[in-house]
Amino acid sequence: MIDLRQLRDNPERFKAGARAKNIPVEIDRVLSLDENRRALLTRMETLRAEQKRLEKESGPQIGKLAGAIKKATGDEAARLQRELDELKSKPAQLKAEISTIEPQIAALEPELSSLLLQIPLPPDADVPVGAGSESNVEIKRWSPAGFDLGKSFEANRGFKPKTHQELVRDLRLADFERGVKLAGTRSYVLTGMGMKLHLALLRYATDFMTDKHGFTPISVPVLVREEAMVGTGFFPAGREQAYHIAETQRRNPDAADDKGVGSHDLYLTGTGEVGLMGLHMNEILDEAQLPLRYVTVSTCFRREAGAAGKDTAGLYRIHQFDKVEQVVICKSDEAESRAWHKRMIGYVEELLQSLEIPYRLLQCCTGDLGPKNADMIDIESWMPGRGELDKDNRPQGAFGETHSASRLYDFQCRRLNMRYRTESAAGGKSETVFCHSLNNTVLASPRFIIPLLENHQQADGTIRIPAALRPYLNGAEVIAAR
RNA sequence: GGAGGGGUGGCUGAGCGGUUGAAAGCAGCAGACUUGAAAUCUGCCAUGGGGCUUGUCCCCAUCAGGAGUUCGAAUCUCCUCCCCUCCGCCA
């Protein structure tokens, strides 16, 4: 969520931001609704102040009169009653007037808050402007010694690479047919060493963040309430990407009526970020607690609506996967946010280098950002079995997105109502301000199994396990056909 | 599944129709005492919003959320959400 006051002060900044992100929003409508609302609010508050003043004034008299009436008789009682009615009538008039304004304000609110939730965070000035992923800018490229990304896999290694689908089939690491039988398209089953490799990667990535970089490991619910989805900024824009558990639609078959028996709906999260960020929703933290550095491993669910026909085969684009995710919640300070962003990307680089996977860093352009990011760096791993086909109808290799590092300033924390109390400077008052937040993938599997298998395949069809991963596979150095 | 109890400031917790935006304690901040610290004492310490005369200013709202009763609601009524305890069932 953006700050309504900032929007009032500088609507152009937000209009330009939405335009650059290619997200249509009615900012002028928001401004006029807001202005309307404030005018009504001022009027109502003035009336209410007057009402309260009268109440205080006449309250005790009303009490006294009411008592006197009980004792009085005949004309005297009637006279007192008139006096009492007179006293009561003035605040009643004000109340009536207030009650005509109240619904007017209430009527404006749903549209205003719904529009406000749709206004994206403007991208930072140093983010390149562009319409979509074709305008993203490569800012760094790395490959292990002995592997030259300028040459083909064959030129580097002396043999034609298999695709991960072929490797997985030959080494019996996954079973797509049965996955689809069980759960439909984009489903899979990892088998044997495929499952072991999956678990080893997740555990290695988790240990890497906790033991080497001091992150706190945390488990999170993957079935969450709508608040958490809206708060983290995935809703309303990404509603169609999330699986929805419609508990309120649940019917009790024995009940005579058809009322729902579930208290509220739930949503399956598409990333551990939702749980990690939602942890401190509606809390006020102490500045001394910050930065919070959390890592979780969670199962992620994505409907992949609108991706029909895209990456349909293999382990690339699937409805369910597991992901180690890092989140940092820090002070409201641009320089600190930027520093953490760099650091969080650095952790992933270190991880990828330890696994000897070639990768590149992509500066996402404004059109590729999504509503909640001020800046986003994607990390793409080299996948020799991906990309355009050569003259022999074999893929030439391509980078594929495996990580995404977002910098959100206070956009998320504002929606989540997540603040901290500043340490008061000498003599100064402390204040409560919204935290900043950042998140980045550490490792998502099985997608990451793709670059791992494809890059470390050997001429004999086996897979060399990089040294860093061997402790997590009982010391195994190779995956071979069973 | 059955039966109860409860949601109050950063935390604990009183209040159960009338200056109660809210006692008290803890935590925090400032000061005094101290060589320093601790202890002790004194004072200050909720959030959101609106206004303009932008001020150690004024006003409004908020005691889970919503609706109602009342001149007046943290306090009474109804609905929703959430938490807890006991019993049963399951692990």
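So that the names make sense, note that chain A is the first sequence line, chain B the second, and so on, each numbered from 1.
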Inset, instruction - For A:Arg38 and for A:Phe434, locate the closest nucleotide of RNA chain B by heavy-atom distance; then report the residue assigned to the nucleotide nearer the 5' terminus. - result: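 That would be A:Phe434.
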Legend entry - Contact nearer the 5' end of RNA chain B, comparing A:Arg419 with A:Thr46: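 That would be A:Arg419.
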Quick check on [N]: is either OP1 or OP2 less than 4.0 Å from any side-chain nitrogen or oxygen of [X]?
{"X": "A:Arg421", "N": "B:A46", "value": "no"}
{"X": "A:His264", "N": "B:U80", "value": "no"}
{"X": "A:Lys52", "N": "B:A61", "value": "yes"}
{"X": "A:Arg8", "N": "B:G50", "value": "yes"}
{"X": "A:Thr422", "N": "B:C29", "value": "no"}
{"X": "A:Arg37", "N": "B:G49", "value": "no"}

Nearest-Å distance, [atom1] ([X]) to [atom2] ([N])?
{"X": "A:Arg225", "N": "B:U80", "atom1": "CZ", "atom2": "C1'", "value": "11 Å"}
{"X": "A:Glu35", "N": "B:G51", "atom1": "CD", "atom2": "P", "value": "10 Å"}
{"X": "A:Glu109", "N": "B:G50", "atom1": "CD", "atom2": "P", "value": "11 Å"}
{"X": "A:Asn282", "N": "B:G7", "atom1": "CG", "atom2": "C1'", "value": "15 Å"}
{"X": "A:Ile98", "N": "B:G72", "atom1": "CD1", "atom2": "P", "value": "10 Å"}
{"X": "A:Leu47", "N": "B:G51", "atom1": "CG", "atom2": "P", "value": "16 Å"}
{"X": "A:Arg48", "N": "B:G72", "atom1": "CZ", "atom2": "C1'", "value": "13 Å"}
{"X": "A:Leu112", "N": "B:G49", "atom1": "CG", "atom2": "P", "value": "13 Å"}

Who does [N] pair with, Watson-Crick or G-U, both distances under 3.5 Å?
{"N": "B:U47", "answer": "B:A61"}
{"N": "B:C78", "answer": "B:G66"}
{"N": "B:C26", "answer": "B:G10"}
{"N": "B:C86", "answer": "B:G2"}
{"N": "B:G72", "answer": "none"}
{"N": "B:G17", "answer": "none"}
{"N": "B:C41", "answer": "B:G31"}

Sticking with atom [atom1], work out how far [N] lies from [M], rounded to a whole angstrom.
{"N": "B:U47", "M": "B:C52", "atom1": "C1'", "value": "23 Å"}
{"N": "B:U19", "M": "B:G55", "atom1": "C1'", "value": "24 Å"}
{"N": "B:A23", "M": "B:C45", "atom1": "P", "value": "11 Å"}
{"N": "B:A14", "M": "B:C63", "atom1": "C1'", "value": "12 Å"}
{"N": "B:U8", "M": "B:G65", "atom1": "P", "value": "10 Å"}
{"N": "B:C81", "M": "B:G28", "atom1": "P", "value": "40 Å"}
{"N": "B:C16", "M": "B:A74", "atom1": "C1'", "value": "8 Å"}
{"N": "B:C44", "M": "B:G50", "atom1": "P", "value": "29 Å"}

Legend entry - Pairs satisfying salt bridge (charged side-chain N to carboxylate O under 4.0 Å, His left out), at least one member in residues 207-221 of chain A, at least two apart: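 Only A:Arg203-A:Asp207, A:Lys212-A:Glu350 qualify under salt bridge (charged side-chain N to carboxylate O under 4.0 Å, His left out).
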Inset, instruction - Apply the ring-ring contact (aromatic ring centres under 6.0 Å, His included) test between A:His436 and each candidate in A:Tyr420, A:Phe411, A:Tyr409; give the one that qualifies. - result: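 Only match with A:His436 under ring-ring contact (aromatic ring centres under 6.0 Å, His included): A:Tyr409.
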[X] near the nucleic acid: base, sugar-phosphate alone, or nothing, with a heavy-atom cut-off under 4.0 Å?
{"X": "A:Arg43", "answer": "nothing"}
{"X": "A:Arg53", "answer": "nothing"}
{"X": "A:Thr432", "answer": "sugar-phosphate"}

Which nucleotide in the set [options] lies at the smallest distance from any side-chain heavy atom of [X]?
{"X": "A:Leu41", "options": "B:C81, B:G48, B:G49", "result": "B:G49"}
{"X": "A:Gln51", "options": "B:C60, B:G72, B:G50", "result": "B:G72"}
{"X": "A:Arg5", "options": "B:C60, B:G49, B:G51", "result": "B:G49"}
{"X": "A:Lys95", "options": "B:G72, B:C59, B:C81", "result": "B:G72"}

Legend entry - Distance-only donor-acceptor test (3.5 Å): side chain A:Glu283, base B:G10: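 Check fails, no donor-acceptor contact within cut-off.
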Legend entry - Worked check of salt bridge (Lys or Arg N to Asp or Glu O under 4.0 Å) between A:Glu273 and A:Lys372: CA-CA 13 Å; A:Glu273 175 193 343; A:Lys372 60 197 173 94; 2.8 Å; yes
Legend entry - N-O pairing of A:Glu240 and A:Arg303 below 4.0 Å: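 No.
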Legend entry - Side-chain touch A:Leu416/A:Asn282, heavy atoms, less than 4.5 angstrom: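 A side-chain contact is absent here, since even the closest heavy-atom pair is not under 4.5 Å.
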Legend entry - Test: A:Arg447 cationic atom under 6.0 Å from A:Tyr316 six-membered ring centre, within 45° of axis: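 Relative to the ring axis of A:Tyr316, which defines the angle, A:Arg447 lies inside both limits.
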Inset, instruction - State, to 0.1 Å, how close A:Ser337 and A:Leu438 come at their nearest heavy-atom pair, and which atoms those are. - result: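 It is O-CD2, 3.3 Å.
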Inset, instruction - Please confirm whether A:Phe301 and A:His319 have ring centers closer than 6.0 angstrom. - result: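 They do not qualify: ring centres at least 6.0 Å apart.
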